Amino acid sequence: MKLATWNVNSLRVRLPHLLDWLAANAPDVVCLQETKCEDGNFPSRELEAAGYSGIHHGQRGYNGVAILSRAGGMGVSRGIPAFADEQSRVIAADFDGVRVVSVYVPNGQSVGSDKYAYKLRWFEALAQWLASELAVHPKLAVLGDFNVAPEDRDVHDPLLWEGKIHVSAAERDALRRVVAVGLADAFRLFEQPEKSFSWWDYRMGAFRRNMGLRIDLVLLSPALAALCRSCRIDPAPRRLERPSDHAPVLCELAIP
DNA sequence: ATGGTAGAAACTCTA
């Protein structure tokens with residue numbers, strides 16, 4: 001089973017890139033973030049023509065998460081159950097006995113802002129919910145844009161970013177509490193190239209200079225981590241015309 | 001300290 005996650009930064013704008021990428025990589029399940037479209041505008045026909053069905057938790061203009069799959073998901077849930085949230089940031093479903101969660105963690109804007117406080121509250125609710133999910137679903141995979149670079153090696157210039165949004169101690173602690181429910185960062189189960197990042201600012205030629213962060217993660221429960229055979233970032237779509245600012249992350253599990 | 005770019009939407013916000 002090939003899992004993937006990609007913050008597409010507008011599903012409608014990125015649809016050609018997405019369809020090409022699906023054809024080239026043939027993933028079984030793909031988590032998307034920042035679809036930025038309402039459920040009524042979800043491009044179901046185009047995706048079905050490519051062999052994928054989608055479930056979507058969208059909203060007008062901002063946010064929006066989806067999961068694409070070959071066979072369709074069972075037991076779809078939207079949002080974090082005990083956390084009232086007007087923003088569409090979580091969708092989950094079962095695929096072949098694997099519980100897959102697509103998450104778009106709040107950006108947080110800047111340390112100390114209202115959005116930062118919301119981000120930290122949101123993380124706490126996520127951790128609590130995932131702890132209960134893991135108890136029910138031993139095969140749990142949480143994929144998405146976490147908007148936190150877990151460690152300094154996930155940051156192109158740790159000194160420049162020290163204490164800033166995506167890197168601050170409170171955000172890293174919040175992410176650590178999510179991982180601590182019993183999940184592994186699949187990317188770090190394997191040897192990886194130095195300076196591997198999944199997001200590069202559109203500005204100042206950041207991608208060309210590899211000034212990025214690794215903030216798009218695949219978190220696996222122990223049962224799935226034991227089956228994980230590879231995890232890598234694919235920077236190819238970031239080189240295209242009109243790219244998303246994020247690259248997709250691919251993860252292979254030894255599940256037929 | 002600021003500004004740089006992109007997307008959605010609608011003359012501004014979010015990232």
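Per chain, numbering begins at 1; letters A, B, ... match sequence-line order. Source: prediction; values computed, not measured.
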Take nucleotides 8-15 of chain B nucleotide by nucleotide from the 5' end and write B, S or -, depending on whether a protein heavy atom sits under 4.0 Å from the base, only from the sugar-phosphate, or from neither.
-> SSS--BSB
How many Å lie between CH2 on A:Trp200 and C1' on B:dA6, as a whole number?
-> 16 Å
Between A:Val13 and A:Val8, is any pair of side-chain heavy atoms under 4.5 Å apart?
-> no
Nearest-angstrom distance from the residue atom CG of A:Leu160 to C1' of B:dA1 | 13 Å
Do the charged groups of A:Arg188 and A:Asp185 touch, with an N to O distance under 4.0 Å?
-> no
Between A:Arg99 and A:Asp94, does a salt bridge (Lys or Arg N to Asp or Glu O under 4.0 Å) hold up when you go through it step by step?
-> CA-CA 4 Å; A:Arg99 188 70 179 173; A:Asp94 292 310; 3.3 Å; yes
Between A:Arg209 (CZ) and B:dT5 (C1'), how many Å, whole number?
-> 14 Å
Separation between the P atoms of B:dA6 and B:dT2, rounded to whole Å | 23 Å
Please report, rounded to the nearest Å, how far the C1' atom of B:dA6 is from the CZ atom of A:Phe207.
-> 16 Å
Residue pair A:Val90 / A:Tyr104, side-chain heavy-atom distance below 4.5 Å = no
Between atom CE in A:Met211 and atom C1' in B:dG4, what is the gap in whole Å?
-> 11 Å
For B:dA1 versus B:dT12, give the span between their C1' atoms, rounded off to a whole number of Å.
-> 23 Å
Quantified in whole Å, what is the C1' atom distance between nucleotide B:dA9 and nucleotide B:dT14?
-> 12 Å
Salt-bridge criterion met for A:Asp157 and A:Lys195 (N-O under 4.0 Å) | no
Apply salt bridge (charged side-chain N to carboxylate O under 4.0 Å, His left out) to A:Asp152 and list each qualifying residue two or more places apart in sequence or on a separate chain.
-> A:Arg172
